[in-house]
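Have a look at the structure below, then the notes.
Everything quoted here is computed from the prediction, not taken from an experiment. Letters A, B, ... are given to chains in the order of the sequence lines, protein chains preceding strands, and every chain is numbered from 1.
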Amino acid sequence: MTLGVIGKKLGMTQIFDENGLAIPVTVIKVDDIVVTQVKTVETDGYNAIQVGTVSAKEKHLTKAQLGHFKKNNLENYRHLQEFRVDNPSDYKVGDKIELSVLDNVEKVDVTGKSIGKGFQGTVKRWNFGRGPMGHGSKNHREPGSIGAGTTPSRVIKGKRMAGNMGNERVTITKLKLVKVDAEKNLVLIKGSVPGCEGRLVTIVPTRTKWN
Amino acid sequence: MNPIIDELEKTYMEKELPDVNPGDTVKVFVRIIEGNKERTQAFEGTIIKKHGEGINKTITVRKVFQGVGVERVFLMHSPRIEKITLLRRGDVRRSKLYYLRERSGKATRIKEKIEKR
């Protein structure tokens, strides 16, 4: 994973580009991002930096978390996350990750937790077709057959059924980065990103090689 | 709406918008880019609908061209719109004039609004 930024999704709007066309954008506000731990192959088995964002009150954290911040005289952060990096020696605990990591970046991958839909049936969750609503039919939104009988006498693993939908980690790749406002700490991304307003999303330069 | 988004939208918004309402006859001057050249095209008609607020504010303008009804939706704050001139104020009793779509000729006339002194 390459280094990126973490921000709060504020909502969507539209802006005009230089040709006067309206572009739908998602506005993401990036808070201070501070390196809280540096992990190397020697000590941890892999190279990464741990960063913290969104400052927190003491009462919201556990003693273990507070100790982790106190050890390095850091502020308290609510959200901790790791980014894999090639040279962890470039970073020191207490360094700030600036928005300049998105300089000269055209497309980004955005990761977030999708909006929870609750327990949903197969029609909504897996786009199954539904049965006839009338003409004596009682098979309206049923899943239908879930497999053969005596052989194999079980339901195969991964069979699409009803269950909890949404509220899971989703990555959308190759979204166009419209604008980075370093002064106001805003990132504008074309189109929609996963999650509801107020949730944290991770923005990294796209890792997709193909177009 | 989030105050930060509000502020962001304001930087893209026109300072002054013409005061136009459904029923008014307007002429909208639109910048059109053809290849490298840019020219202005006018679209004249009756406003049948206002929609949205803020940067997403639009008007729908309807005219009948060669017997065919033509409706165009314009983003009021778009830099593509050079100006909107008001030709005639209409006196109408509803905010959406969809009933004009079913009428033709004389029946589409709209009473002119006379300002009170």
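- Distance CG/B/Asn2 to CG/A/Leu10: 4.5 Å, rounded to 0.5 Å.
- Looking at B/Ile81, there are no atoms closer than 4.5 Å to chain A (heavy atoms on both sides), in backbone or side chain.
- With a 6.0 Å radius and a threshold of 12 heavy atoms from other residues, nucleotides or ligands, A/Asp103 has its CG atom above the threshold.
- Nearest heavy-atom pair, B/Tyr12 versus A/Phe16, reported as atom, atom and distance to 0.1 Å: CE2-O, 3.6 Å.
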Between B/Leu8 and A/Leu188, does the side chain to side chain contact (heavy atoms under 4.5 Å, CB included) criterion hold? Intermediate values first, please. CA-CA 10 Å; B/Leu8 178 80; A/Leu188 304 190; 4.0 Å; yes
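- For a residue to count as touching a neighbouring chain, one of its non-hydrogen atoms must lie under 4.5 Å from one of that chain's; by this rule B/Glu38 does not touch chain A.
- With a threshold of 4.5 angstrom between heavy atoms, A/Asn19 approaches chain B through its backbone and through its side chain.
- Expressed to the nearest 0.5 Å, how far CG of B/Leu75 lies from CD of A/Gln14 amounts to 5.5 Å.
- In A/Lys29, the NZ atom is crowded: over 12 heavy atoms of neighbouring residues, nucleotides or ligands sit closer than 6.0 Å.
- Residue-level contacts of residues 40-66 of chain B with chain A, in order of numbering, are B/Ile55, B/Asn56; threshold 4.5 Å between heavy atoms.
- The nearest pair of heavy atoms linking B/Ser78 to A/Gly20 is OG-O, 3.5 Å.
- Residue A/Lys39 qualifies as enclosed at atom NZ: its count of foreign heavy atoms under 6.0 Å is above 12.
- When all heavy atoms of B/Ile5 and A/Met12 are compared, the pair lying nearest together is CD1-N, 4.3 Å.
- Other residues, nucleotides and ligands place no more than 12 heavy atoms under 6.0 Å from the CZ atom of B/Arg94.
- Atom NZ of B/Lys96 has more than 12 neighbouring heavy atoms from other residues, nucleotides or ligands inside a 6.0 Å radius.
- The environment of NZ in A/Lys159 is crowded: more than 12 heavy-atom neighbours from other residues, nucleotides or ligands sit within 6.0 Å.
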